[in-house]
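A short worksheet on the structure shown next.
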Amino acid sequence: MKFLKVICLNFILLSLAGCGEKQSAGKKFAPQEKISSLSDSERQVAIAERKASLRVDIPSMMDFNGVKLTVLPPKPEGNITEAISEQIGAKLLTIIAANGIGGVNNVPDFALGATMHETGKEMTATAPQKTIIKYTINYKVLNMLDGAVYSSTDESVTGVGATDIEATRNAVNEIKSTDNIQQMLATAKERIINWYEENLLTLKNQVSGAVNSKDYALALAYLNSVPSQAASAYAYASEEYPKVLVEYQKNIAHTELAALKGAIAKGEKASELNPEVYTHLAMLPPDSPQFKEASELVDKYQTSVLERQAKEKDQEFNVAEAKRIHEEQMQMAQLEADRQIAIAQAKASEQAMKQSMREADDSRRGFWGNLGARIISSMDYVGGKVKQHAGDLEE
């Protein structure tokens with residue numbers, strides 16, 4: 001849903017370790033040693049292609065108009081460490097993106113959950129001995145309001161490693177979008193669209209309830225989740241989102257103005273402009289008294305810094321250049337403001353989902369561990385750099 005202007009930046013979600021060895025056909029638990037016949041240059045090309053296959057355009061997923069999902073990796077326990085749980089969450093994001101689904105865990109009502117169960121464990125016969133662990137992964141697309149399972153499927157993965165943890169991590173590296181998963185997600189997409197088409201009143205009640213509670217971030221998350229294929233619900237969401245966004249900005253205006261003043265104080269004697277100043281300005285509603293005050297402060301601050309720069313370079317202060325710099329800073333600041341709003345939506349969605357889970361699902365509360373907020377936080381809009389989610393790809 002393109003309520004917020006976002007410039008396309010690629011955020012790469014990579015696996016946390018090398019690919020686990022695959023099993024030979026008909027040979028249960030008999031991993032074969034990998035022998036690469038690639039030249040150095042061919043290997044670099046192969047690695048680049050693998051990285052590209054794991055690339056997820058996170059800003060586009062935030063701004064996506066279609067069906068969206070929150071991803072819920074398994075709860076960290078046993079061999080599934082917190083890092084491995086997050087690794088699975090990253091894998092799930094690549095899967096939904098590959099299947100035309102958006103969202104970065106800022107969707108309160110619908111989720112793709114995964115649970116892993118160990119189904120086999122052996123040691124290799126040759127030295128040095130390694131652990132071989134086989135897992136069955138159960139995927140479910142859930143309606144978090146009533147606990148209904150919209151679609152599900154099982155997949156098996158196997159990993160080999162010097163330790164149980166390493167074997168588990170390598171098994172997770174084998175997670176990918178299979179035909180079964182594609183069919184599961186296609187079925188879920190249809191049911192989610194139908195839900196929005198048939199439950200416009202429920203959506204309106206969700207939004208109005210969040211607004212009345214002044215939980216504007218949650219209201220924005222509900223509205224931002226509506227797929228364009230659900231025409232009536234999408235028309236309603238398109239009309240309401242800008243209104244709720246203004247209320248959200250008004251609600252944080254005093255805090256943002258104070259933060260802007262602090263950012264100016266921190267950077268007023270610096271030789272470079274502080275981008276935080278412009279981000280706080282972009283978070284203010286344009287028709288508010290706080291925005292007017294902040295704009296005057298920013299103009300004075302910017303002129304002071306740029307005049308100092310010109311003096312240091314023994315140049316005349318260029319008004320046209322100052323205007324261009326201001327416009328450029330505001331463009332980047334709007335991207336950062338979009339990111340901050342998405343983080344707020346992700347946190348609000350997490351709280352809503354915790355509350356909506358049935359008592360039978362208590363053990364799963366919070367098992368996604370703020371994954372959405374962490375993913376969004378990793379995006380480097382202002383610097384324009386691509387950040388890696390977890391380190392370099394290993395062959």
When you compare the side chain of [Y] with that of [X], does any pair of heavy atoms fall below 4.5 Å?
X: Val107; Y: Leu69; answer: no
X: Met123; Y: Thr131; answer: yes
X: Ile192; Y: Val141; answer: yes
X: Val160; Y: Asn170; answer: no
X: Thr70; Y: Asn106; answer: no
X: Pro74; Y: Ile88; answer: yes
X: Leu145; Y: Trp195; answer: yes
X: Ser232; Y: Tyr196; answer: no

Lys/Arg-Asp/Glu bridge criterion (N-O < 4.0 Å) met for [X], [Y]:
X: Lys266; Y: Glu276; value: yes
X: Arg324; Y: Glu327; value: no
X: Lys347; Y: Glu350; value: no

Give a yes or no on whether the backbone of [Y] and the side-chain of [X] come within a donor-acceptor separation of less than 3.5 Å.
X: Thr136; Y: Ser156; answer: no
X: Thr124; Y: Lys130; answer: yes
X: Glu307; Y: Phe317; answer: no
X: Thr303; Y: Asp299; answer: yes
X: Thr94; Y: Lys91; answer: yes

From [atom1] ([X]) to [atom2] ([Y]), nearest 0.5 Å:
X: Tyr241; Y: Tyr236; atom1: OH; atom2: OH; answer: 13.5 Å
X: Ile133; Y: Glu118; atom1: CD1; atom2: CD; answer: 5.0 Å
X: Lys176; Y: Glu155; atom1: NZ; atom2: CD; answer: 7.5 Å
X: Asp109; Y: Leu142; atom1: CG; atom2: CG; answer: 12.0 Å
X: Gln183; Y: Thr178; atom1: CD; atom2: OG1; answer: 10.5 Å
X: Gln302; Y: Asn274; atom1: CD; atom2: CG; answer: 12.5 Å

Mind listing the closest non-hydrogen atom pair of [X] and [Y] along with its distance?
X: Leu93; Y: Gly103; answer: CD2-O, 3.6 Å
X: Val305; Y: Glu272; answer: CG1-C, 4.0 Å
X: Thr279; Y: Ala337; answer: CG2-N, 4.3 Å
X: Val67; Y: Pro227; answer: N-CB, 3.7 Å
X: Gln345; Y: Asn224; answer: OE1-ND2, 3.6 Å
X: Ala352; Y: Pro108; answer: CB-CB, 4.4 Å

Derivation of the side chain to side chain donor-acceptor pair (under 3.5 Å) call for Thr158 and Glu174: CA-CA 7 Å; Thr158 301; Glu174 298 302 312; over 6 Å; no
Is there a chain of hydrophobic side chains (I, L, V, M, F, W, Y, each step under 4.5 Å between heavy atoms) that links [X] to [Y]?
X: Leu218; Y: Leu220; value: yes
X: Leu297; Y: Val277; value: yes
X: Tyr216; Y: Leu257; value: no
X: Leu281; Y: Ile325; value: yes
X: Leu223; Y: Leu200; value: yes

Apply the test side-chain contact (heavy atoms from CB on, under 4.5 Å) to residues Glu197 and Asn194: give CA-CA distance (whole Å), side-chain angles for both, the deciding distance (0.1 Å), then the verdict. CA-CA 5 Å; Glu197 289 179 335; Asn194 288 339; 3.5 Å; yes
Checking Ser304 against Arg308 for the side-chain contact (heavy atoms from CB on, under 4.5 Å) test, could you report, in this order, the C-alpha distance in whole Å, the side-chain angles of both residues, the deciding distance, and whether it holds? CA-CA 6 Å; Ser304 174; Arg308 184 161 54 252; 3.7 Å; yes
Glu312, CD: over 12 other non-hydrogen atoms inside 6.0 angstrom: yes
Does Glu321 CD have over 12 foreign heavy atoms under 6.0 Å away? yes
Can you give me every donor-acceptor pair (side chain of residues 283-296, partner residue at least two apart or in another chain, under 3.5 Å) with its distance?
| residue | atom | partner | partner atom | Å |
| --- | --- | --- | --- | --- |
| Ser288 | OG | Pro285 | O | 2.7 |
| Ser288 | OG | Phe291 | N | 3.1 |
| Gln290 | NE2 | His254 | NE2 | 3.3 |
| Glu293 | OE2 | Lys261 | NZ | 3.0 |
| Ser295 | OG | Phe291 | O | 2.9 |

Checking side-chain polar atoms at under 3.5 Å, does [X] have a donor or acceptor matched by the opposite partner on [Y]?
X: Asp338; Y: Gln334; answer: yes
X: Asp215; Y: Gln351; answer: no
X: Ser177; Y: Asn99; answer: yes
X: Asn143; Y: Tyr150; answer: yes

Thr168 and Tyr135: side chain to side chain donor-acceptor pair (under 3.5 Å), yes or no, with the steps? CA-CA 8 Å; Thr168 300; Tyr135 287 96; 2.7 Å; yes
Is there a side-chain contact (heavy atoms from CB on, under 4.5 Å) between Lys134 and Val157 once you walk through the steps? CA-CA 6 Å; Lys134 185 174 183 179; Val157 292; over 6 Å; no
Candidate pair Tyr139 and Leu185, rule side-chain contact (heavy atoms from CB on, under 4.5 Å), full reasoning: CA-CA 10 Å; Tyr139 300 97; Leu185 292 175; over 6 Å; no
Give the intermediate values and the outcome of side chain to side chain donor-acceptor pair (under 3.5 Å) for residues Asn65 and Gln229. CA-CA 8 Å; Asn65 285 351; Gln229 297 94 324; over 6 Å; no
What verdict does the salt bridge (Lys or Arg N to Asp or Glu O under 4.0 Å) test give for Glu336 and Arg339, after you've listed the backbone C-alpha separation in whole Å, the side-chain angles of each residue and the deciding distance to 0.1 Å? CA-CA 5 Å; Glu336 178 64 16; Arg339 184 175 72 92; 2.2 Å; yes
Please determine whether side chain to side chain donor-acceptor pair (under 3.5 Å) holds for the pair Asn173 and Gln87, giving the CA-CA distance in whole Å, both sets of side-chain angles, and the decisive distance to 0.1 Å. CA-CA 9 Å; Asn173 285 336; Gln87 178 190 1; 2.8 Å; yes
Within 45° of the six-membered ring axis of Phe110 and under 6.0 Å from that ring's centre, is NZ or CZ of Lys68 located there? no
